[in-house]
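Read through the structure below, which is laid out as structure tokens, and then see the notes.
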There are 2 protein chains.
Amino acid sequence: MKSEEIAKIAGVSRSTVSRVINNYPNVPDETKKKVLEVIEKYNYQPNTCARVLAGKKSDTIGLFIVSIADAENPNRLYKNDYFNQFTNAVVDCANSRGYYVLINIIYCENDYRRVNEIFLQKRIDGGIVLGTEKEAAALINVSKKGCPIALIDYDAEEIKKNESEYENLIVVGSKDYEGAVEAVEYLISLGHKEIGLLSGRLSTFSGRQRYKAFVDTMKKHNLEIREEFILQGDFIKSKTNSAVQALINKGKLPSAIFSSNDDMAIEAIELFKYNNIRVPEDISIIGFDNITLASLIKPALTTIETPIYSIVEKTVEELIHNISKTRKGFRSYSYNTKMVIRETCTKKLNSLLTL
Amino acid sequence: MKSEEIAKIAGVSRSTVSRVINNYPNVPDETKKKVLEVIEKYNYQPNTCARVLAGKKSDTIGLFIVSIADAENPNRLYKNDYFNQFTNAVVDCANSRGYYVLINIIYCENDYRRVNEIFLQKRIDGGIVLGTEKEAAALINVSKKGCPIALIDYDAEEIKKNESEYENLIVVGSKDYEGAVEAVEYLISLGHKEIGLLSGRLSTFSGRQRYKAFVDTMKKHNLEIREEFILQGDFIKSKTNSAVQALINKGKLPSAIFSSNDDMAIEAIELFKYNNIRVPEDISIIGFDNITLASLIKPALTTIETPIYSIVEKTVEELIHNISKTRKGFRSYSYNTKMVIRETCTKKLNSLLTL
DNA sequence: CTGAAAGCGCTTACAG
DNA sequence: CTGAAAGCGCTTACAG
């Protein structure tokens, strides 16, 4: 069934059918009604490709999930709680605003060009990039070519320097620096002085912010930052496992750890348990993100919550503004985090743990 | 950039450019090379809509997630571990085979027609429906209109009766009946006689299978099925919560429960804990699915694992076969489940719990 | 207010 | 082996 057939049955021209479908103002109610009835009766749906080819939007948002670091895992997304929450929030928010979502996973650096390809293929009206790494420059160029792009977790300051070039770009994220400061201050307020860091990938903005906040806060309190207590987990469970195991093997633990995300914190807790190191009695640990798991593990994880749903909702809304040109110019938004105190942190005890 | 420009630069016609792009056999290597170089140089990507309009496939699979039962929750997918795993597996499998994934959530019965709409709009080459309910008849009709559809978790026997009508349909699932029998047999083998059921939605195939397996196995062992121990959780946390709380209020508990999925089992465990009922000392509980959480909660959940990744992989593969007509006719596949013993089930103790 | 016609960017018989 | 041309199903100036 195509518009011409609808037109014939309704006794009008294709043009009029099209005007009805696209809500043109100057169609008399009677004509409109007649056409709509035929459309309804025959369950007619205009061919999206024909519409796009004729100049309409595809009403589709591309979601690009950067999963480069996890390259060794064949099923990258399959059990990643953090990405899951984002993905689902994007689908929720976009669907409820009449947009379709085309999901893509960026497995390797070479895959970055897929963003450009998919845009050039006219499959999407705009894109959301999640887990943006430093190498994302290519993406930013896509936005220069006219494709509205929203980056989640990216350094907005860097872009602001040349703001005028980035008309089609949006950056949304959370106040990770402030959140991480709160986490470290909390540990210090509990009496901890020997505090370790489980660091995320420094090629991500959030990784760098959380790292910097740790260093700054320790310095502010004149606390020593011991190199052996800085563990490079890179937001990856397997890396975290080796790093923590190496620390345990050395025999000397900090009394508390700030972990740059919950995934790593949970991995560390599992490993401590396995080595008969009690959390929080022997070592306190605080995470970041507040993923679903955080409240369900035992002991329940104390952490800093990132407001994922708010971030995604804003991202989708602003992206749609850029797509429909109802707003323009580079914009960035940053949401407050919130500390969620549960069971994995306690006051520094006097007794020192001997392994 | 369009194919005509590429043609001009390469000194050939549009037709030849198209033949190169579509790998026609009778293009001399030299011509092919020349065209490919220009394409490469200018980073040309053919417009997907124009291709589809001219008769090509869209290389896009629609993923439809039926989330009707959760209608009271505004962010339906956002924190649903079970759907997450499926979604991500679909994206993984499809992307790695060169297919794009268009995700849609079916919030209410009225949304079912979106499957048809999206297909008529020519947005997708085929669809996967997850969480199919009995009302899915409409979907099956879509497949009759020529859109390849794969149903996950649906009663294949019902379709087999009129198999020849369903050329474009595929059904994939797990052997839930056998898995549930194994779960109940396990509880019985531990000495339990008073066994309760936390039942899933009976409008789903898996819900019915798991229910039937419970009843059959109890009968087989001449064990009484007490009506007050059959709790209708409908696969929903809030419903489970009320049902379990009502049971606790009555003051008489079974010594073991078979829960039709992990989500409900975990909810029940939380509630038991809150009421100072110990798992597994006071009550044993076994789940179904083996979601990520199952191994992480404390006590870790004993459960029946559904091989999600295998199911999805097969679904995507067979759907692509139907799309590209390399295979045809109704087919169904069912995967074995596997019991995963952890910490929530123990031998029936002699001491009776008094609340 | 509305129809005829051009055009969107491809693919593919057709003819040579 | 390859080009000219028709056609895919829409939208939208254009003209009336």
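In what follows, every chain begins at residue 1, and chains take the letters A, B, ... in the order their sequences are listed. Keep in mind the model is a prediction, meaning the values are calculated, not measured.
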Kindly state each residue pair satisfying salt bridge (Lys or Arg N to Asp or Glu O under 4.0 Å) with at least one member in [range], sequence neighbours excluded.
range                       : answer
residues 319-333 of chain B : B:E167-B:K328, B:E318-B:R327, B:E318-B:R331
residues 38-63 of chain B   : none
residues 97-108 of chain B  : B:R97-B:E313, B:R97-B:E317

- Message: Requiring both pairing distances under 3.5 angstrom, list the stems that contain DNA chain D and are made of three or more consecutive Watson-Crick or G-U pairs.
- Response: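 So the stems come out as C:1-3 with D:14-16, C:5-12 with D:5-12, C:14-16 with D:1-3.
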
- DNA chain C contacts made by residues 13-26 of chain B, counting heavy atoms under 4.0 Å: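 Output list: B:R14, B:S15, B:S18, B:R19, B:N22, B:Y24.
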
- Item | Sub-4.0 Å heavy-atom contacts from residues 44-55 of chain A onto DNA chain C, ordered by number |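 Within residues 44-55 of chain A, the residues near DNA chain C are A:L53, A:A54.
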
- With a 4.5 Å heavy-atom cut-off, do B:I61 and B:L102 have their side chains touching?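 No, their side chains stay 4.5 Å or more apart.
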
- Please identify each residue that fulfils salt bridge (charged side-chain N to carboxylate O under 4.0 Å, His left out) with B:E163, with sequence neighbours left out.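 None.
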
- Query: If you take all heavy atoms of A:G127 and A:F64, which pair is closest and at what distance?
  - Reply: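 Residues A:G127 and A:F64, closest heavy atoms: CA-CE1, 4.3 Å.
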
- So, for B:N168 and B:G146, which heavy atoms are closest and what is the spacing to 0.1 Å?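 Where B:N168 meets B:G146 most closely, the heavy atoms are ND2-CA, 3.6 Å.
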
- What side-chain hydrogen bond (donor to acceptor under 3.5 Å, both in side chains) pairs are there with at least one residue in residues 26-37 of chain A, not counting sequence neighbours?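 The answer is none; no pair qualifies.
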
- Query: Touch check for B:K122, heavy atoms < 4.0 angstrom, all strands: base, sugar-phosphate only, or nothing?
  - Reply: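 Answer is nothing: B:K122 stays at 4.0 Å or more from every strand.
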
- Contact interval (first through last nucleotide) of DNA chain D with protein chain A, 4.0 Å heavy-atom: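 Range of nucleotides touched by chain A: D:dG9 to D:dA13.
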
- Message: Checking A:T315 now: which residues fulfil side chain to side chain contact (heavy atoms under 4.5 Å, CB included) with it, not counting sequence neighbours?
- Response: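 For A:T315, the residues satisfying side chain to side chain contact (heavy atoms under 4.5 Å, CB included) (neighbours in sequence not counted) are A:I128, A:A150, A:I152, A:V172, A:I311.
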
- Message: Test of understanding: with side chain to side chain donor-acceptor pair (under 3.5 Å), list the residues that count as partners of A:S143, not counting sequence neighbours.
- Response: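 For A:S143, no residue satisfies side chain to side chain donor-acceptor pair (under 3.5 Å) once neighbours in sequence are set aside.
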
- Under the side chain to side chain donor-acceptor pair (under 3.5 Å) rule, collect the residues that match up with A:N104, sequence neighbours excluded.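 By the side chain to side chain donor-acceptor pair (under 3.5 Å) rule, A:N104 matches no residue at all.
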
- After noting the C-alpha distance and the side-chain angles of B:D125 and B:S58, does the key distance pass the side-chain hydrogen bond (donor to acceptor under 3.5 Å, both in side chains) rule? CA-CA 6 Å; B:D125 297 335; B:S58 63; 2.9 Å; yes

